[in-house]
Participant: 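Sharing a structure with you now.
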Amino acid sequence: MTLEVTHGRKLKRITVEDIDSLARGAAILGTGGGGDPYIGALLAKQAIEEFGPVELVSVEDLPDDAFIVPIAAIGAPTVSVEKLDTVEKLYLTIEKLAASLNRTATHTACLEIGGSNSMLPIVAAAQLGIPLIDGDLIGRAFPEIQMGMAPLYGIQATPMALADEKGNTLVIEAIDSFWAERFARQASIEMGCNAFNSTYAMTGAQARESFVAGSMSFAITIGDAVANAQHNNLNPCDVLAETLSGRVVHLGKVADLQRQTTGGFAKGQAMIEGMGPDVGSVLSLHFQNEHLLATKDGTVVTTTPDLIIVVDAESAEPVTTENLRYGQRVCILTAPSDPRWHTTEGLELAGPAYFGYGVPSHRWDGTPEGHTESIERYRA
Amino acid sequence: MRIGIDVGGTNTDAVLLDGGQVLASTKVPTTRDVTSGITQVLTALKELNGFSPDHIRGVMIGTTHFINALIEARDLCPTAAIRLGLPATASLPPFTDWPDALTSAVKGRAYMAHGGHEFDGRAISPFDPDEIRRHAEDMAAHGVRSVAVSSVFSPVNDEFEQRALSILREELGPDFPVSLSHEIGRVGLLERENATIVNASLAEMANRIVDGLAKAVLEQGITAPLYVSQNDGTLMDIEYTRRYPVSTFASGPTNSMRGAAALSGFSDCLIVDIGGTTTDVGALVNGFPRESSTHVRLAGLRTNFRMPDVLSAGLGGGSRVRTDQGTVGPDSVGYRLTDESLVFGGSVLTATDIAVRSGRADVGDASLVAHISDAVVRSALEQIDRTIADIADRIRTSSAPLPVVAVGGGSILLAEQLDGLGSIYRPENFDVANAYGAAIAQISGEVDRVSYIADGDQKRALESARQEAVDRAVAAGASPDTVSIVEQEAIPIPYLPGNAMRVRVKAAGNLTLGK
């Protein structure tokens, strides 16, 4: 079973005109993390202008023996806005990984739809002239490579290929996804904190099982919806909530903001003082790279793995955790993640406990997680 | 005594100050040619007060010239951008995502070179002097007259920008205008580079304007130093203005806000600045405007200039009032207010007429608006109050009470009390708050860098940045006993090893004036 995209358009190809909507939608699905897709969007437009539109293939249409090699950037968003991605040889990690498995990639894909990682696969697909899968392995953004759908199905993030702009490449063969993440993180630091990686190479049959289907189209639908709402003077926050099948939790101003760095992670909390319909209420937002936990007047409202999204109250443009500032007027929304994140195994990988929050997981509608099933239920 | 001048789009305002006291103030229409406008306003001031030029110890000028030149894409010089970062950053060369009209207005030429630094200060690739020389030759051959240099992570390490500067000067001449990105913007290469290119393209105009200002002031017999106000409400000397014209871009609203604060005595307040056409609302924190946190698009360019966080509405003293629709603004008679408003004998019903009819203001001839019905007055006032209360509320960060200070010629529209905002303070000399703000502006020093901090050592890193900011302010001319930290921020950078923090500190103090 996969997340059904019941509204919006199912695209057959991605053109230059889709990129801005995709960037906005991906930033919203990035739940505060995943980096600003602005630079990625420029690169994607440039690649499509040079090589033509990218063919988008839905997960259901994949042949069993297709060989999919996804691609993403690994590093620090702060670095990538300064040392911009150089993508002339972006396809190298895909070729490198495929070659290490004695295969040739028939498709590429997005590892993570949230944030700037939605953009590079478009560049690589254009360069290689191969189709891109309409889907990704998370359905949102998470900070670590093993936090994907594939490990839930026994597909590990190894082997993994890395490359930097200087031409250095590396293939990591680790014992599991956790080790692959650790080695890749260290290598990416040596590469100047801005590198490309390919991992989770898989067959079409495996992809049908483990991908969050339709997420590229969904991100474009979200971006379109916000743009249309802005253009037609509708309340873009309400429109966004509806598009995400989620809800608006709080409208307010950032009244207090604290950040700490521990073990390389930037943790923080923000107090959002209610305004308008929420006057008198205070929402407390906890974030690391993404927004992970929201409590309102002391009660847990929603937690990771469901989506907690902070947008500008007026425009519904997404606000990253790094750009959260005192005095901003924001709207906080929450929406369901892929149902498989709510299995025992999914919560173990990306529930509030993994990030060190001592609260039980709560779904986007505010209900505690309760009894959860195993991922086995979702096996094809 | 000092003189503050604000050259706005419509009016040029000036004040003569002794200490904090306003001795005289005046307004003249802004002229296209800077020199004559300044001459007019100084002459007018002299007629009012009869001061001796010898007693003037400083002239502070705020001007919108440079930002208007960018927006109108006029008087920009042929500019090259050279970026050091190869083999990184090659995919998105300078001028990427620029509007075509602006690229052609600056005849933009993009060059890439090796160099740049990693986040931790390692070189991406070695600096290559010959490569820069070859680029300089090409620039000379193509009639480039100003250069913008940006090197990857130059806010962390500016070495390569400095080396490129000396080679460009060797090749192109010792006075060739070169703008370095680490002196202009923050982390964020494309935005910083854009700001640097804009700065470079204004180089010739900056010389012309600065020469014009200096000449106009000197012609009045004033030999005191000249300063220009910057985006953040502090001053730069005119030599610095030649090099950093972009630093004036947001000085208009900033001067108003700083002036309002000084005139009212509040350091934390909301400022409502009402002109002829628009109302700007901003927040003052510790005496300085709160900055906008988002990227600023200027003339279609994405930049990371620091701009004050200001919300605007199309409402001012000249706003047209339409009785049939019950609307006020957003169109306005603007500077023709004194000809077109009913109270001044004109034929257009404006917000000023409503203010006079309601008794809020006393300008012009009240008998000319006596016929306007109570219902029209009530509905127009309601709309004026609601619009202003609404934007003021949006700029507030909490429901805690905050004084509201109203300035600008149009502030006569305001009630003495506004729902949810309480009393409105309208200080003396409210109509020349911007010129006053320029006159009392301070001198600042700033540090913005990425530091690597062992756990628990954040305090020490911040302390050394604070000291450096204070030292820089004093070096720039601030009187040491008045310098204080006006802003500081430490933002952890995720995914970087060694607990990296972006540390940003600004110190400011009163200008030491000679004589």
Side-chain angles (χ1 to χ4, degrees), chain A residues 33 36 38-39 42-43 46-47 74-79 81-88 90 123 143 164-167 185-186 188-189 191-194 253-255 259-268 273 275 279-280 288-289 312-314 317 319 321-329, chain B residues 83 85-93 96-97 116-120 122 124-125 152-156 186-192 283 285 290-295 302 304 309 311 393-400 450 453 455 458 489-502:
Chain A
D36 178 352
Y38 170 72
I39 289 159
L42 292 177
L43 292 167
Q46 194 175 285
I74 176 170
T78 323
V79 170
V81 299
E82 182 65 31
K83 191 177 78 165
L84 312 174
D85 291 330
T86 300
V87 296
E88 268 99 87
L90 185 65
V123 178
D164 66 14
E165 75 278 348
K166 300 174 188 71
R185 195 64 58 189
Q186 283 308 310
S188 73
I189 289 166
M191 288 172 162
C193 249
N194 193 17
K253 299 173 199 179
V254 181
R259 303 175 197 265
Q260 313 91 43
T261 313
T262 39
F265 277 112
K267 287 197 179 200
E273 261 179 27
M275 53 185 210
V279 163
Q288 288 187 11
N289 304 290
D312 179 85
E314 298 275 309
E317 293 294 347
V319 178
T321 54
E322 286 168 70
N323 285 335
L324 209 54
R325 289 285 184 282
Y326 182 85
Q328 266 171 342
R329 296 162 289 273
Chain B
R83 185 197 295 166
L86 289 179
T89 81
S91 301
L92 296 171
T96 296
D97 204 27
H117 286 86
E118 304 282 8
F119 64 95
D120 55 4
R122 282 179 288 159
I124 293 172
S125 58
V152 174
F153 273 113
S154 63
V156 176
R186 301 181 266 184
V187 170
L189 181 67
L190 287 182
E191 293 83 2
R192 185 175 73 250
V285 181
R290 190 177 71 216
E291 283 175 2
S292 161
S293 55
T294 47
H295 292 291
R302 192 166 140 124
N304 54 12
D309 193 5
L311 287 176
D393 185 59
R394 279 161 54 203
I395 209 94
R396 283 201 299 184
T397 56
S398 80
S399 50
V450 177
I453 297 158
D455 271 332
Q458 292 180 11
E489 194 173 47
I491 300 176
I493 302 178
Y495 294 113
L496 287 191
N499 289 335
M501 305 264 295
R502 171 92 179 278

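Chain naming here is simple, since letters A, B, ... match the order of the sequence lines and numbering starts at 1 in each. From a predicted model like this one, the values you see are computed outputs, not experimental measurements. Hydrogens, waters and symmetry mates are skipped; everything else that's a heavy atom, side chains included, is used.
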Participant: Tell me every residue that passes side-chain contact (heavy atoms from CB on, under 4.5 Å) with A:Gln46, counting only those two or more places apart in sequence or in another chain.
Facilitator: B:Ser91, B:Leu92

Participant: Which atoms form the tightest heavy-atom contact between B:Glu118 and A:Lys83, and what is the distance?
Facilitator: OE1-NZ, 2.8 Å

Participant: Knowing that exactly one of B:Thr96, B:Leu189, B:Val152 qualifies, which makes a side chain to side chain contact (heavy atoms under 4.5 Å, CB included) with A:Leu84?
Facilitator: B:Leu189

Participant: Under a 4.5 Å cutoff for heavy-atom pairs, which residue among A:Glu88, A:Glu317, A:Met275 has the most contacts with chain B?
Facilitator: A:Glu88

Participant: Chain B heavy atoms under 4.5 Å from A:Gln186: which part of the residue, side chain, backbone, both or neither?
Facilitator: neither

Participant: If I take atom CG from residue B:Asp309 and atom CZ from residue A:Arg325, how far apart are they, to the nearest 0.5 angstrom?
Facilitator: 11.5 Å

Participant: Going by the rule side-chain contact (heavy atoms from CB on, under 4.5 Å), which residues pair with A:Thr321 if we only count those two or more places apart in sequence or in a different chain?
Facilitator: A:Phe287, A:His291

Participant: Starting at CD of A:Glu165, measure out to CG of B:Leu86 and round the result to the nearest 0.5 Å.
Facilitator: 10.0 Å

Participant: Output the distance between atom OH (A:Tyr38) and atom CG (B:Asp97), rounded to the nearest 0.5 Å.
Facilitator: 3.5 Å

Participant: Stepwise, does the side-chain contact (heavy atoms from CB on, under 4.5 Å) test hold for B:Leu311 with A:Glu314?
Facilitator: CA-CA 12 Å; B:Leu311 287 176; A:Glu314 298 275 309; over 6 Å; no

Participant: Of the options B:Arg192, B:His117, B:Glu191, which is the one that meets A:Glu82 in a side chain to side chain contact (heavy atoms under 4.5 Å, CB included)?
Facilitator: B:Arg192

Participant: Counting only non-hydrogen atoms closer than 4.5 Å, does B:Ser154 touch chain A with its backbone (N, CA, C, O), its side chain (CB onward), both, or neither?
Facilitator: backbone

Participant: Please give me the minimum heavy-atom distance between A:Cys193 and B:Phe119, naming the atom from each residue.
Facilitator: CB-CE2, 3.4 Å

Participant: Tell me, side chain or backbone of A:Ile39 under 4.5 Å from chain B's heavy atoms, or both, or neither?
Facilitator: both

